[in-house]
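The basis for the numbers below is simple: all heavy atoms, side chains too, and nothing from hydrogens, waters or symmetry mates. In this chain, residues are counted from 1 in sequence order.
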Amino acid sequence: MEIAQRQKKRVDPEFHDKIDQLLDTYARLLAQNMNKGYEIAARVPSVMIAGPANFPVKKKQKQNAADDKNMREWQEIQGLLDKIRSTGMGGISADDPNAIEKLQAKLEKLEATQEMMKAVNAYYRKHRTLEGCPHLSPKSIEAFQSGMAGGGGGSPFLPWQLSNNNANIRQVRSRIEQLTRQRENVFVGWEFDGGTVEINREANRLQVFFEGKPDEATRNILKENSFRWSPKAGAWQRQLNDNTFWVVDRISFLRPLSGEKPSELQIKARQAQQEKPSIRAQLKAAKEGQQPKAPTKDKSQDLEV
């Protein structure tokens, strides 16, 4: 499709596979939607054929409702074209397996920009001119001097520019820390009455698998809590993060068979992970032929407050 080809020319090649996947999904869902539309249209004969006396009014009402639903699905499918147009154009998604590396590169550029702005301002304070400033190109020097002569301020880079860039640095650092913690976190799935919940690290999704098709009320609750049906995975899913488990805590039909809350399962799994011997302890114990000991627990943790 022309939209996909145009988008591929605009973005980095690493996004081409994602664009192809979105296009394949769009074509498949559109074909299903159109076939369903033809099937709905054939359910009730025209009033010109059946005649006013024999026209099935109730069937026609059901047909109209099905047609409206099919149209809403068509509109949702068209939204995939917007996804194709935006692929590779926005920020760095947490779903990107190289998100941390890309954020780190972005952070380095922001930090370099901050240092450059500070160095330029320091040069100007010392020399009262930007002529010969090693941190700027001749064109940049000319543009800055023109702007400052026109009342652009008492320094090349104004305080708000330094402040805004510094805020961006803090924001990117925070995202790196958050994603790093998320990658290191232990997540576990569970069984519930009628299915299982599984962790898909590769797709960065928490996935709900039902033994049969859930009823409409169940599907509506999932949608209201940002779960989306994935035909490819055959599961209802949403992004994998700590907040997802707090959301799932409130969905009664996904309660684990153990009776615990999903968030409590995650906490227990992480505590168990922390109590495992370190790699160095395991290697040392292997050399000595002994069973490695778990880290000593701080007695203060057992005290009640």
Side-chain angles (χ1 to χ4, degrees), residues 1-8 11 15-47 49-50 55-90 93-96 192 194-198 200 202-241 243-244 247-248 250-254:
M1 182 178 282
E2 188 177 348
I3 291 176
Q5 295 304 319
R6 281 204 306 267
Q7 191 64 14
K8 285 183 178 181
V11 302
F15 295 103
H16 290 187
D17 286 344
K18 185 174 182 180
I19 291 172
D20 288 337
Q21 291 173 5
L22 287 170
L23 182 60
D24 289 344
T25 301
Y26 173 79
R28 175 172 51 80
L29 294 180
L30 182 62
Q32 292 175 357
N33 179 264
M34 293 179 67
N35 289 335
K36 185 68 174 179
Y38 297 142
E39 184 267 325
I40 293 171
R43 289 179 184 177
V44 181
S46 168
V47 67
I49 298 174
F55 189 69
V57 176
K58 290 186 177 180
K59 277 191 175 182
K60 184 62 177 179
Q61 291 173 342
K62 290 182 179 180
Q63 183 193 46
N64 290 340
D67 192 49
D68 290 342
K69 181 181 178 182
N70 195 58
M71 175 56 70
R72 289 195 297 271
E73 291 177 353
W74 179 86
Q75 291 171 340
E76 291 177 1
I77 293 168
Q78 296 309 301
L80 289 172
L81 296 180
D82 291 332
K83 286 189 176 182
I84 291 175
R85 295 187 188 97
S86 63
T87 298
M89 305 299 290
S93 171
D95 294 339
D96 189 335
F192 63 91
T196 60
V197 175
E198 299 182 12
N200 189 328
E202 185 178 350
N204 194 35
R205 291 290 184 271
L206 180 137
Q207 298 178 323
V208 181
F209 296 89
F210 290 92
E211 292 175 357
K213 183 178 180 180
D215 58 33
E216 186 176 358
T218 298
R219 299 197 302 271
N220 288 338
I221 292 174
L222 290 169
K223 292 176 183 178
E224 289 168 2
N225 287 279
S226 300
F227 279 89
R228 295 293 178 264
W229 170 250
S230 170
K232 182 179 179 180
W236 287 87
Q237 60 183 25
R238 61 170 282 166
Q239 194 173 64
L240 179 63
N241 53 44
N243 185 57
T244 291
V247 170
V248 175
R250 303 193 300 266
I251 304 178
S252 59
F253 57 78
L254 293 181

Considering all heavy atoms, the nearest [X]-[Y] contact:
| X | Y | result |
| --- | --- | --- |
| Leu240 | Asn200 | CD2-O, 4.5 Å |
| Gln63 | Ala41 | NE2-O, 3.4 Å |
| Ser226 | Arg238 | O-CB, 3.4 Å |

Are Leu222 and Phe253 close enough, and set up right, to give a side-chain contact (heavy atoms from CB on, under 4.5 Å), and what steps lead you there? CA-CA 10 Å; Leu222 290 169; Phe253 57 78; 4.1 Å; yes
Supply the atom-to-atom distance [X] [atom1] to [Y] [atom2], rounded to the nearest 0.5 angstrom.
| X | Y | atom1 | atom2 | value |
| --- | --- | --- | --- | --- |
| Ile77 | Arg28 | CD1 | CZ | 9.5 Å |
| Asp82 | Leu22 | CG | CG | 11.0 Å |
| Ser230 | Gln207 | OG | CD | 7.0 Å |
| Lys83 | Leu23 | NZ | CG | 14.0 Å |
| Ile221 | Phe227 | CD1 | CZ | 11.5 Å |

[X]: side chain to side chain donor-acceptor pair (under 3.5 Å) partners, not counting sequence neighbours:
| X | answer |
| --- | --- |
| Arg250 | none |
| Glu73 | none |
| Asn225 | none |
| Gln32 | none |

Can you name the residues that form a side chain to side chain contact (heavy atoms under 4.5 Å, CB included) with [X], not counting sequence neighbours?
| X | answer |
| --- | --- |
| Ala66 | Ile40, Arg43 |
| Glu198 | Thr196, Phe209 |
| Leu81 | Met1, Ile3, Tyr26, Gln78, Ile84, Arg85 |

Treating Asn204 as the side-chain partner and Gln239 as the backbone partner, does any N or O pair qualify as donor plus acceptor under 3.5 Å?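 No.
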Taking the side chain from Gln7 and the backbone from Thr87, do they hold a donor-acceptor pair closer than 3.5 Å? yes
Kindly write out the residues that satisfy ring pair (Phe, Tyr, Trp, His ring centres under 6.0 Å) with Phe192, not counting sequence neighbours, or none if the list is empty.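 With sequence neighbours excluded, Phe192 shows a ring pair (Phe, Tyr, Trp, His ring centres under 6.0 Å) to Phe210, given in chain and number order.
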Who are the ring pair (Phe, Tyr, Trp, His ring centres under 6.0 Å) partners of Trp229, not counting sequence neighbours? Trp236
Keeping to residues at least two apart or across chains, list the side-chain hydrogen bond (donor to acceptor under 3.5 Å, both in side chains) pairs with something in residues 210-221.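 Those involving residues 210-221 are Asp215-Thr218.
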Using the salt bridge (charged side-chain N to carboxylate O under 4.0 Å, His left out) criterion, which residues pair with Asp20? Sequence neighbours excluded. Lys8
Residues which pass salt bridge (charged side-chain N to carboxylate O under 4.0 Å, His left out) with Lys36, listed by chain and number, not counting sequence neighbours: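 Only Glu39 meet the salt bridge (charged side-chain N to carboxylate O under 4.0 Å, His left out) criterion with Lys36.
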